[in-house]
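The block underneath contains the structure these notes are about, expressed in C-alpha cells.
Below, all heavy atoms of this structure are taken into account, side chains as well, without hydrogens, waters or symmetry copies. Each chain gets a letter, A, B and so on, in the order the sequences are listed, and its residues count up from 1. The model shown is predicted, which means the values in this text are computed figures rather than measured ones.
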There are 2 protein chains.
Amino acid sequence: MPVTIREVAKAAGVSITTVSRALNGYSDVGEKTRRKVALVAQELNYRPSAVARSLVMNQTKTIGLLVSELTRDRVGHFFMFQVMYGMHDRLAELGYDLILVSTTTSRQRLVSYLDFCMERRLDGVIVMGIRLDDPYIQEVVDSPLPSVVIDLPLLSDHCGYVTTDNVHGAKLAVRHLAGRGHRKIGFVNGYSQAAVSRDRKRGYEEGLLQAGLGYDETLIHEADFTLQGGSDGLKHLLQSHPDMTAVFFASDLMAIGGLQYARELSIRVPEELAIVGYDDIELAEFSTPSLTTIRQKRQEMGMRAAEMVVGIMKNRAAPQGILLAPELVVRDTT
Amino acid sequence: MPVTIREVAKAAGVSITTVSRALNGYSDVGEKTRRKVALVAQELNYRPSAVARSLVMNQTKTIGLLVSELTRDRVGHFFMFQVMYGMHDRLAELGYDLILVSTTTSRQRLVSYLDFCMERRLDGVIVMGIRLDDPYIQEVVDSPLPSVVIDLPLLSDHCGYVTTDNVHGAKLAVRHLAGRGHRKIGFVNGYSQAAVSRDRKRGYEEGLLQAGLGYDETLIHEADFTLQGGSDGLKHLLQSHPDMTAVFFASDLMAIGGLQYARELSIRVPEELAIVGYDDIELAEFSTPSLTTIRQKRQEMGMRAAEMVVGIMKNRAAPQGILLAPELVVRDTT
DNA sequence: TTGCAAATCCAAAACGTTTCCGATAGACTG
DNA sequence: CAGTCTATCGGAAACGTTTTGGATTTGCAA
C-alpha cells in the first residue's frame, strides 16, 4: 500500500493540513516545518493520490482522446499519430493527461462516449478521426463537456475545432499545377463522408475556376484515403480521360498509390503525369520521385487543440474555429 | 454538477447502500426496489463517479501505456499503432482504460515514469518502444507495479514481456533467400540499442550458418529503422560488396528505402537483387514490387500484453515471456 | 503590561462511492 | 408458540485528499 498523507503528517509531527499546504507551496507554513515536511515526504517516498485529489477538487486533470473506429482504421495513423504527439506534449505542459477512448471502449461497456466521459469525470475531450455520420458524436458536442474537434467544423458554446484550411490547400495544389501549364487536372478525393473531403473538393473547383479552367465532374473520383484507393482512382480517371496530364490526390497515401500505378503502366512522372498529394506524411519526401504535396502542420494541430480545450475548461478562451494555413511543398512529381 | 448516488437514493426513497447494491447487481435487494432504483437512476441520468469508486476500491481500472521519446520518433507508428489497437481493444473488453504516458509527460512534471504511475495509482503498465538504455525503465520494472514490456525481454516477479521470435524471424528470411539460391546475403539492421536488433542479427547469423553460408561481419550495416537509413544501408553495402545478390532489412520501412535506392541505380528487383523486409506493415503489400517480408502479429502482441498485465494484476497469471511466431510472407521482391 | 496584527498551525467537513455489520420482518421448522 | 433462517434493507465507516474557519503563538507598538 502506498504511503498516505496521514503517515507523513505523523512522521513529521504536524497535521495533515500542514503537510498538504507545505507540499503544495502555500504561504502560511513556516520555512522550518516546510523543509521538515518535504524531507519526511521524500524519505517515505510519498506520492499524493491523484484520485483522492480529483475527488475533492472536482477535476481529474484528464482529457479524453475520442477516436472512432480505432480498430478498423488502417491508414489514419499516418496522419493521426503526429497530431496525437502534439496534443499529448502540450497537454503535459499544461498539467493534463490523455486517456484513450474509442468506439470499442464504449460499445463493450454498452455506454455512449458521453457516458464514458461522465463516469470518468473527464475535464474535456478532443475528438479526432470521427466520421461525419457517427451518431454519438453530436451527443458529446451538445453536452456541456468542453470539447475540441479535429477536422470537423463543429462550433458551440463548449465546443471548438481546429483544422487545416482545406479549401485553400486544394487551391494551392490546383494553382500550382495550372501554373505548370496543366489544363486537364484530375482529382482523387478521400472518403466522401469526411468534412475535409468536401472542403478539398470545393478548393479544387474554385482553384480550377480561378485558373480559368473548366470544371468537369467526371475528372473527380471518390476514393477512401487508402493506397489502393489512390491506385484505383488514377486507373479509373485515366480510362475516361487519357489526355489528363495532372492529378491531385486528397492524401499522400493515395498519391503514392497513384505513383505506383503510374509506374506499372510506365507512365513517367512528372513528364507525362504530374502528381500532387496532401498531408506531407513522412513517406512523401522519400517516395520516388519525391512527392509534391500540401503540408498540414499536424503537430501544431494537436497543440492548438490541446490549448483550446483547456482554455475552454478554464473559461479563459471561448470556443472557436481555428484554421491552420497549409503549405505547398514542391518536390519531384510536378 | 453531476447527480450523485445520494440524490438517487433520496428520489427512490431508499438508502445509499441499496442504490449501490441495486445498480451493481447484488443479490440482497428486492426485485421491486431494484427496478425502482434503476428507473430513478435512468431518469436522473445518474453516472457513478469512477474516481470515487477508484478511491474506495483501491483500483483505478486504468493502465498506462509507456512510450519513450514519443515526440522524437517519426517512424515507430508504423509498428506501434496496431499494437496499441490490439491493446486498447482487449483492455476495453476486460474493463480497463488506457492512459498515455511518455517521457515528455514525466520530464515536464519533473517526476519519473514510476512516480507518475504511483500518483495516478495506475493498476499496471505496458511499456513499448523504449530503448534499452532508457534509465527510467528499470525503475518501473523493478517496482511492484504489474508491467508488461513489448519487444524487450524483461522478466521479474511483476513484469512479463511479449515479443516476436525475432531470431526465428530473421532465420526465416535468410533461409528463404538461401533457398532461392542466394549465397551472398547482406543485412541492414535497425537501431543497435534495440533488443529486436540484437535478436534479428543473431537470427541472421544462425540462418547463414544453417544454410551452410559463411558469416561476414562486413555484410552487416547498422542503421536506424528509417527509410533513409535503409537507403543508405543498401548503398553502403553495395559499395563494399558489389556482388551481393540479396539483402535482408530489419524493418519494412528500411526495405522500402532500399527499394528506392535500387530503383535510382536501376538495379532490378528481384532479378539482380532480392529484398526481404520485416514487420509486414501496410505499405509492404503495396510497394512496387511488393515486398517479401516477415510478418509480426502486431495486433495480437497488443492483445497478449493486455491480457498478461491484467492477469498479473489479479494474480491469476504469473509473468512470463511470450514469443509470438513470425510468418514469412512471400511477395515480389524475392 | 496590554492590544493587535501577522504568522503558523490544526480540527473537521467535504468529495462520492463501497462495504461491513447489524436491524427488521416475514417464513418456516419443531 | 418459540426459535431459527432468509430476504431485504440501512447506518456508518472508510478511502486520501483539499479547504474552511478558527485557534494559538509570535512580534511589535502603544
How is [X] classified with respect to the nucleic acid when contacts are heavy atoms under 4.0 Å: base, sugar-phosphate, or nothing?
X: Arg34(B); answer: nothing
X: Asn24(B); answer: sugar-phosphate
X: Val14(A); answer: sugar-phosphate

Legend entry - Donor-acceptor side-chain pairing of Arg120(B) and Thr62(A) below 3.5 angstrom: yes
Legend entry - Residue whose closest nucleotide on DNA chain C lies nearer the 5' end, Pro48(B) versus Asp28(B): Pro48(B)
Let's see if you can work this out: which of [options] has an atom nearest to the side-chain heavy atoms of [X]?
X: Met57(A); options: dC15(C), dT19(C), dT19(D); result: dT19(D)
X: Leu55(B); options: dC15(D), dT17(C), dT17(D); result: dC15(D)
X: Arg121(A); options: dG21(D), dT19(C), dT17(C); result: dT17(C)

Side-chain N or O of [X] versus OP1/OP2 of [N]: is the shortest distance under 4.0 Å?
X: Tyr26(A); N: dT19(D); result: yes
X: Ser20(A); N: dT17(D); result: no
X: Ser15(A); N: dC10(C); result: yes
X: Tyr46(B); N: dT17(C); result: yes
X: Thr33(B); N: dC9(D); result: yes

Inset, instruction - Report yes if some heavy atom in the side chain of Leu23(A) is under 4.5 Å from a heavy atom in the side chain of Tyr46(A); otherwise report no. - result: yes
Rounding to a whole Å, what distance do you find between [X]:[atom1] and [N]:[atom2]?
X: Asn58(B); N: dA13(D); atom1: CG; atom2: P; value: 21 Å
X: Ile5(A); N: dC10(C); atom1: CD1; atom2: P; value: 12 Å
X: Arg21(A); N: dA11(C); atom1: CZ; atom2: P; value: 14 Å
X: Leu44(A); N: dG16(D); atom1: CG; atom2: P; value: 15 Å
X: Arg47(A); N: dT17(D); atom1: CZ; atom2: C1'; value: 16 Å
X: Ile16(B); N: dT19(C); atom1: CD1; atom2: P; value: 14 Å
X: Arg6(A); N: dT18(D); atom1: CZ; atom2: C1'; value: 13 Å
X: Lys32(A); N: dT25(D); atom1: NZ; atom2: C1'; value: 13 Å

Legend entry - N-O pairing of Arg34(A) and Glu31(A) below 4.0 Å: yes
Inset, instruction - Classify the angle between the aromatic ring planes of Phe78(B) and His77(A) as parallel (below 30°), tilted (30 to 60°) or perpendicular (above 60°). - result: perpendicular
Legend entry - Donor-acceptor pair present, Thr17(A) side chain and dT19(D) base, under 3.5 Å: yes
Legend entry - Along DNA chain D (nearest heavy atom to each residue), the more 5'-positioned of Val56(B) and Gly13(B): Gly13(B)
Inset, instruction - For Ser27(B) and for Ala52(B), find the nucleotide of DNA chain D with the closest heavy atom, then tell me which residue's nucleotide is more 5'. - result: Ser27(B)
Inset, instruction - Please say whether more than 12 non-hydrogen atoms of neighbouring residues, nucleotides or ligands are located less than 6.0 Å from CD in Gln42(A). - result: no
Inset, instruction - Rounded to the nearest 0.5 Å, what's the gap from CD1 on Ile63(B) to CE on Met87(B)? Could you check? - result: 6.0 Å
